[in-house]
There are 2 protein chains.
Amino acid sequence: MADNGRVPTNSKTATPAPARRRELLATAAEVFAAQGYNATTVRRIADEAGLLAGSLYYHFDSKESMLDEILSAFLDELWAGYDAVLAAGRGPRETLEALVTESFREIDRHRPAVAIYQKESRHLAAQPRFAYLAESQRKFEKLWLGTLERGVAGGDFRADLDVRLTYRFVRDTVWVAASWYRPGGRHRPEEIARQYLSMVLDGIAVRT
Amino acid sequence: MADNGRVPTNSKTATPAPARRRELLATAAEVFAAQGYNATTVRRIADEAGLLAGSLYYHFDSKESMLDEILSAFLDELWAGYDAVLAAGRGPRETLEALVTESFREIDRHRPAVAIYQKESRHLAAQPRFAYLAESQRKFEKLWLGTLERGVAGGDFRADLDVRLTYRFVRDTVWVAASWYRPGGRHRPEEIARQYLSMVLDGIAVRT
DNA sequence: CTCCTTCCCTAACAAGTGTTAGGTAGGTTA
DNA sequence: TAACCTACCTAACACTTGTTAGGGAAGGAG
């Protein structure tokens, strides 16, 4: 498990069955993603999971710690994937392709978490508990911006585009896919990545 | 608070002064955009506006009606702009360019409203009061999808891309710009639109 | 002067919020 | 058998939420 610098809050007594934990976290993530974190009541989560509100506190310290666990688990896995991509030491264009593909795979696996991250990370990052969100964002920017800049320097990418704007466009378009992507739908994540890369690399206009 | 030469209205209207109304709506939109609608308390809005919570109810029926007014005002102006673009009767590529440019102009003018729309529209559209959000979304899809399909049929756009996927990418990337765009920043909306169009039409890869 | 409108405040309400202390059925272990 | 642990429920707590009724200061109109 990759570490993002945060201590996992593992309180209570002897830990409850991790299987049930993951189950509850999955439904919580689903509700958080659908309704928003603040709009979601802990009673609603319990209702969806088939138990009563108070019973959730046998498994978790608080509503916030559920959110925390959902987001950090996602980020840990995301960065594990990214680090593997970087370790391959490919050129800028291939790295970008691999990063995009990896991102869509993560959306496929952590769709609710990505949706929550997308909606809430900005104002969560202000809280000390979620400081790792801000740190992750910085690493994220460094990674993608660096890849784009290497590509421009190496002649792979156009030099007449504002790299920072391009970075934002690329980043956002990848992640907002979580808002409409449905696992098991018509498109596999790799196919979505392929189409997206084709569009962003070569454009949608017919070449004359 | 960027606009309007403020008029010290002494108009004897039965309803409260519309100038004050707009002022309060502007700060409400700002807070909604920053914290999310549900996470925003009516006391926080009042605090930001320099009055007490109860006093807001002299101007508005409810917290929800503030949100309603913010969103519908934005959508009215947005569609006025889009209709003007369509009335020009241009070809697919020029229409797409005009639509994108117009969208970034709307982000410039209604940034908080766009950010709120982006975050909340999905689960708001279920409520009957906000049914117009769903309707607007349908019109939106018809408009953009139609433009893309005409472009493919006319040979302006590539035929080997999934039109529906392309539509989603284009749509999302335009609107999420509201999350990082700051009016008065380095980039004018027209410049952002130009860069974005260049990227999406011709791609970021160097042509070989 | 008095009347009236505009705009805000005071002070509370009822409903809903996250959370907790203590209890309990059922299975596992000794 | 008894002791123990897991996973849940019951029933409430303290607090925050959106909202409202009534009052009052300021200022123009008669």
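Letters A, B, ... are given to chains in the order of the sequence lines, protein chains preceding strands, and every chain is numbered from 1.
Within residues 119-130 of chain B, no residue places a heavy atom under 4.0 Å from DNA chain C.
With hydrogens and angles left out, the side-chain atoms of B:S198 and A:R158 include a donor and acceptor closer than 3.5 Å. Between A:Q195 and A:E191, the side chains place a donor N or O and an acceptor N or O closer than 3.5 Å (distance only, hydrogens not considered).
Counting only heavy atoms from C-beta on, A:R43 has its side chain closest to C:dT17 among C:dT17, C:dC8, D:dT17. Distances from the side chain of A:L52 to the nucleotides D:dG18, D:dC8, D:dT10 place D:dT10 closest. Out of D:dT19, D:dA7, C:dC7, the shortest distance to the side chain of B:Y57 is found at D:dT19. The side chain of B:K63 lies closest to D:dT19, out of C:dT19, D:dT19, D:dT6. Distance from the side chain of A:L51 is smallest for D:dC8 among the nucleotides D:dC8, D:dG18, C:dT19.
Within the 4.0 Å cut-off from OP1 or OP2 of D:dC8, at least one side-chain nitrogen or oxygen of A:H59 is found. Phosphate proximity of D:dT17 to B:R44: absent, as no side-chain N or O sits under 4.0 Å from OP1 or OP2.
In summary, B:R20 and B:E23 engage in a salt bridge, as defined by a charged side-chain N under 4.0 Å from a carboxylate O. Salt-bridge formation is detected for the pair A:R111/A:E30: a Lys NZ or Arg NE/NH1/NH2 atom is positioned less than 4.0 Å from an Asp or Glu carboxylate oxygen. Between A:R93 and A:E97 there is a salt bridge, since at least one side-chain N of the basic residue sits less than 4.0 Å from a carboxylate O of the acidic one.
At whole-Å resolution of the value, CG in B:D47 and C1' in C:dC8 are 15 Å apart. Taking atom OH of A:Y58 as the reference point, atom C1' of C:dT19 lies 18 Å away to the nearest angstrom. A:F60 places its CZ atom 13 Å from the P atom of C:dT19, with the value rounded to the nearest Å. Atom CG in B:L56 sits roughly 14 Å away from atom P in D:dT17 (whole-Å rounding). Between the CD1 atom of B:I45 and the P atom of D:dT17 there is a distance of 12 Å, rounded to whole Å. The nearest whole Å value for the distance from the CG atom in A:N38 to the C1' atom in D:dT16 is 13 Å. If you measure from atom OH of A:Y37 to atom P of C:dT17, you get 13 Å, rounded to the nearest angstrom.
Defining each end axis of the helix from C:dC1-D:dG30 to C:dA30-D:dT1 as the rotation carrying four pairs' C1' atoms onto the next four, with five pairs an end, the two axes are found to diverge by 10° to 10 degrees.
Heavy-atom contacts from other residues, nucleotides or ligands closer than 6.0 Å to CG of B:D61 number 12 or fewer. The 12-atom threshold is exceeded at CZ of A:R182, counting heavy atoms of other residues, nucleotides or ligands nearer than 6.0 Å.
Ring geometry for B:F140 versus B:Y82: interplanar angle of 30 to 60°, hence tilted.
Note on B:S65: nothing from the nucleic acid sits closer than 4.0 angstrom, heavy atoms only. Contact annotation for A:S55: base contact, defined as any heavy-atom pair under 4.0 Å involving a base atom.
Here CG of B:L67 is found 10.5 Å from CD of B:E69. Values are rounded to the nearest 0.5 Å.
Proximity of a side-chain donor or acceptor of B:K119 to a complementary backbone N or O of B:A33 within less than 3.5 Å is detected.
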